[in-house]
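A short write-up of the structure that comes next.
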Amino acid sequence: MNLSGSRKDFLHIGLFGLGYLLLALLVNNSYYLLIMTIVPIWAVMGLSWNLFSGYSGLISFGHAAFFGLGAYLVALCMVVWNLNPWLTIVLATLTGGIAGLLVGIPTFRLRGHYFALAMLAYPLALLYIFEWLGYQEVALPMHREAPLAYMQFENQHFYIVIALLLLVTTLGITSVLSRSRFGMSLLAIKLDEDAAEAAGINTLYWKLLAITVSAAIAGAAGGFYAVVLLVVTPLAVFGMLVSAQALIFAMFGGVGTLWGPVLGAFILVPLSELLYARYAADFPGIQGVIYGMAIIAVILFAPQGILWKLQSLLKPGQIRMLGSTASVADFSVSQDLLVVTPQEHVSPILAVSGLSKSFGGLQATNDLNFEVRHGELLGIIGPNGAGKTTLFNLLNGFIHPDKGEINFRGQGLLKQRPNQRCAKGMARTFQVPKPFTHLSVLDNVVIGAYVHTRTKDEAGRHASAAIQIVGLHDQCDMPAANLTNKELRLMELARALACAPTLILVDEILAGLDPDAMQDVLEVLRRVRGLGITIIIIEHSMQAMVQLVDRFVVLDHGSLLAEGIPDIIMRNPLVIEAYLGKKWLEND
Amino acid sequence: MDALQYLENFLQSLVAGLLMGAMYGLMCVGLTIIFGVMRVINFAQGEFMMLGMYFAYFCFAWFGTWAFFDGLWFPFVLALLAGPAVFLFGVLLHRVLVNAVTGRKATQLEAQGHYAQLVLTLGIALVLQNGGLFIFGSTPVSVANELSYSAWEWGPMIGDRVSVFVNQAQTISAVLALLVVLIFGLVMARTRLGKSLRASADNPDAAIYMGINVDKAHRLAFGFGVGITAIGGGLLASNAPFTPYIGTEYVIIMYAGVVLGGLGSIRGAFLGGLTIGIVQQVSATILPNQLQNTVIFVFFLIIILFRPQGFFGKKDRTA
């Protein structure tokens, strides 16, 4: 928890709300008051979109679905049952949240392009369904006798108060969530979903949470929108422009920031409304054109939005991102934090039996059997295409085997997702390092530490210990993008270590390093092993490995070719043949 | 209704689906070229289709009164001409805007520029459809002539029952659509131009080393993609009234077809569009008319959720 950061946000939010209210009290023109009511509603929509898409990087073109459901719920409840909006806006919030969850569960199977396209289909499908149901135009009935109960105030200032309440609440929720584990986890997903999952983050859970909260907010905004405009049509609430506006305000103001969506809405909504009022007769589509041009300009000139552009102009070189501002290294901690205690010893720590996986006709892993003892340093070697990385992907759960069992510390693993395997103590590094380049080294490692720690401070301590073990304390505030190849690999190792694993899968950590750097990394690996952590390391070249490992497992074409201590493996004719070819053996 | 009546309805909608589907297929081919070569999801594709429609409409309104252009063939020629016109516009737009977030520029952007591309093309879509409202007006228009209301009758097939009416304008449009796809397929497969496009799609870096101007290839691919879709739009223009907002619903129809056929495959895209046409028309015999598009969207969701790699043309990545 970063209380001071949140407190500062709350202060700003409060001041902003008061200032806006005072400004509204000075205005008496009913048209301007209407605009002043609508602006916060769109700011809420922008924040809603931002809370999901801005932080997670999964672009939603479908927020109109939640907005529209909220709007129709409020309108129809009032028409049919005379329910008051106070109640139905709450219901709209719940409905939005449930809809978000229901949309998220199937749609999160998709990533990137596909996700964005699928999201587009939901509101458009709903649009036609509501037209077919005969709700082309639902007008809210007048209840002048009970203005308070039905939110039909004479004095427009009341609407602004309610809109502001919605906005202030949404800002508060965004501030708290973005500074918690939520913000960090979504950021990790945005930067690299696979790496996040392997670092023990339950990506599905966080994405579902994000879309549920975001859709609930959109539902509330839609509900109140219906109350303000008094008429609901399918195109106005489910139309493409609604989703587009939410996205545009957030991206224009600043993606993944607290104030960006508000800024976007406060600039673009009045601009387009005023121009529309003036030129609508000659130029009916002027709003859409303005929004379209605004977003084109942003993409071309300030791809992350105005706030980020301003920040990079005012404070060049600063790489802080929202949600990651609180990690402070604490090098007074003992490295013992990460030691595997004797009570945790289970041997064999890992047992693989009958493991097979084929891709089409290619047998990548073929009936593999081997065991790894606790505390061992096992090397897996084999020529290119021997199935080494596939084996790691099977072990850590990125892919599922066709056949076979994986037993880790006495438990079957096959039903577990990668993040669960990580939480059980199995961490991994990647052949091609997957750093979160925008984050500092420390924040990169903190993400790994989140798995088993409850608070950000605790995560910070574990991360600090891990960074000390790999010897990166001097670089810990640098953005990961500035690291050398060796440092990048050590950071990967630290990230895996910060999960407090009992077993680390190390994938070609030495590839492309010069001999000196290689020796440094080997030294670090020995130190890690000294903590009682079991290591399985994949490597291409045998030479470096011979000095390091206790035992080799040799793979060729997905099958186990040989296993044993280095001395014996080095002289095994099968191994020599696999590496160097038959000719070599004959000439020897 | 008895069984024969059902049969007649079914056959009727199947034929209508095939004819509409051929036009959808053509539009899908346009979309898939852009994805296949540039790896870009063009959100504004529906708006280029709309431009094709209005091109046909305005040329028809302006020149249609001249005696020489009086013939029934004129709207179809206009539809084909919409291709080169929108091609030029697309090439220009690529140079000015799209190029900033695609091709070699994309590698410097977050997530290979995917988000920037989606959002930029969304912006283009908004500007085109709302600007279209200003330029073209919001009154629904169409390019209908006698052929749109004429049909050949097949049958009666069983006794004096079960006759299928085949709309003449749609049939000519469908044949033209198929021809355009075949010609373009040949261009891609046989010519130097096609080779350079395919090489740029396959491996942009290697293509550069082989002396291919990848920027130019991308520009051409974008132009061809939007031009071909515009021809589809021009052919559809004689079919039903439209407004500048028509693009949004068709962009989903196109993506449904393209994803169904496997992103990037020309043959797959055409077959995908054909399937979507059939699904749309046949579903209309069971479900209310307003839900036609909902059916497509739900169908699209089902495909994308359960088989995002598509059904057709997996090995046949011609684009």
Side-chain angles (χ1 to χ4, degrees), chain A residues 53 57-59 61 106-107 109-118 120-134 190-191 235 239-241 243-245 247-248 251 255 279 282-301 303-304 437-438, chain B residues 35 39-41 43-44 97 100-101 109-135 137-138 244-245 247-249 251-252 255-256 258-259 263 287-302 304-306 308:
Chain A
S53 294
L58 290 152
I59 300 275
F61 280 127
T107 319
R109 299 158 57 111
L110 307 171
R111 289 191 189 175
H113 290 140
Y114 286 111
F115 179 81
L117 285 173
L120 177 67
Y122 292 104
L124 292 178
L126 285 171
L127 191 153
Y128 289 104
I129 290 176
F130 275 83
E131 274 189 355
W132 167 65
L133 290 171
K190 181 179 190 171
L191 298 171
L235 196 63
M240 179 61 207
L241 198 58
S243 307
Q245 269 172 277
L247 172 155
I248 286 168
M251 294 204 71
V255 180
Y279 298 110
D282 303 325
F283 197 163
I286 192 164
Q287 285 171 304
V289 173
I290 287 173
Y291 291 140
M293 292 201 313
I295 199 65
I296 292 174
V298 161
I299 288 294
L300 294 182
F301 304 114
Q304 300 288 314
T437 46
H438 290 74
Chain B
F35 182 83
R39 302 281 135 189
V40 167
I41 294 276
F43 209 82
L97 288 179
V101 291
L109 298 166
E110 226 175 286
Q112 287 93 55
H114 287 334
Y115 298 136
Q117 292 155 6
L118 273 171
V119 176
L120 180 82
T121 53
L122 169 75
I124 293 174
L126 286 175
V127 171
L128 288 180
Q129 80 182 201
N130 293 290
L133 206 60
F134 175 56
I135 300 169
S138 58
Y245 281 116
T248 313
E249 51 190 90
V251 84
I252 301 250
Y255 274 108
V258 166
V259 172
L263 271 171
L287 291 167
N289 240 334
Q290 294 112 308
L291 289 188
Q292 257 191 27
N293 280 327
T294 302
V295 170
I296 300 290
F297 300 155
V298 172
F299 187 64
F300 169 66
L301 281 172
I302 292 171
I304 204 173
L305 289 175
F306 295 103

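Just so you know, these numbers use all the heavy atoms, side chains as well, and skip hydrogens, waters and symmetry mates. Here is how names work: the chains are called A, B, and so on, in the same order as the sequence lines, proteins then strands, and each is numbered from 1.
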Report the option among B/Pro288, B/Ala256, B/Pro244 that has the most heavy-atom pairs separated by less than 4.5 Å from atoms of chain A. B/Pro288
With heavy-atom distances below 4.5 Å as the criterion, would you say the side chains of A/Phe61 and B/Leu122 are in contact? yes
So what's closer than 4.5 Å to chain A heavy atoms on B/Ile296: side chain, backbone, both or neither? neither
Looking only at heavy atoms, which two atoms of B/Thr248 and A/Leu124 are closest? And how far apart? CG2-CD1, 4.1 Å
Contacts under 3.5 angstrom, residues 125-133 of chain A side chains, donor-acceptor by atom type, not counting sequence neighbours:
residue	atom	partner	partner atom	Å
A/Tyr128	OH	B/Glu249	OE1	2.9

Just so I know, are the side chains of A/Ile286 and B/Asn130 near enough to count as touching, which here means a heavy-atom distance under 4.5 Å? no
I need the minimum non-hydrogen distance between A/Thr107 and B/Leu305, along with the two atoms involved. CA-CD2, 3.8 Å
Sub-4.5 Å side-chain heavy-atom contact between A/Ile248 and B/Leu126: yes
Which atoms of A/Ile290 are under 4.5 Å from chain B, going by heavy atoms: the side chain, the backbone, both sets, or neither? neither
Evaluate side chain to side chain contact (heavy atoms under 4.5 Å, CB included) for A/Leu120 paired with B/Tyr255, printing each intermediate quantity in order. CA-CA 11 Å; A/Leu120 177 67; B/Tyr255 274 108; over 6 Å; no
Measure B/Val251 against the heavy atoms of chain A and call it side chain, backbone, both or neither at under 4.5 Å. side chain
Please enumerate all residues that pass ring pair (Phe, Tyr, Trp, His ring centres under 6.0 Å) together with B/Tyr245, with sequence neighbours excluded. none
Looking only at non-hydrogen atoms, find the nearest pair between A/Ala121 and B/Phe300 and report the distance. CB-CD2, 3.8 Å
Between B/Ile252 and chain A, with a heavy-atom cut-off of 4.5 Å, which part of the residue counts as in contact: side chain, backbone, both or neither? side chain
B/Ile124 portion near chain A, given a 4.5 angstrom heavy-atom threshold: both
Check whether any side-chain heavy atom of A/Ile296 sits under 4.5 Å from a side-chain heavy atom of B/Leu120, and report yes or no. yes
For a quick test of reading the model, state the closest non-hydrogen atom pair linking A/Leu300 to B/Ala100 and the distance between them. CD2-CB, 3.5 Å
What part of B/Phe43 lies closer than 4.5 angstrom to a heavy atom of chain A: side chain, backbone, both or neither? side chain
If we define contacts as heavy-atom pairs under 4.5 Å, which of A/Gly57, A/Ala116, A/Ala244 has the most with chain B? A/Gly57
As an exercise, state the distance from CG of A/Leu247 to CG of B/Leu118, rounded to the nearest 0.5 Å. 9.0 Å
Measure distances from A/Met240 to the heavy atoms of chain B and classify the residue's part below 4.5 Å as side chain, backbone, both or neither. side chain
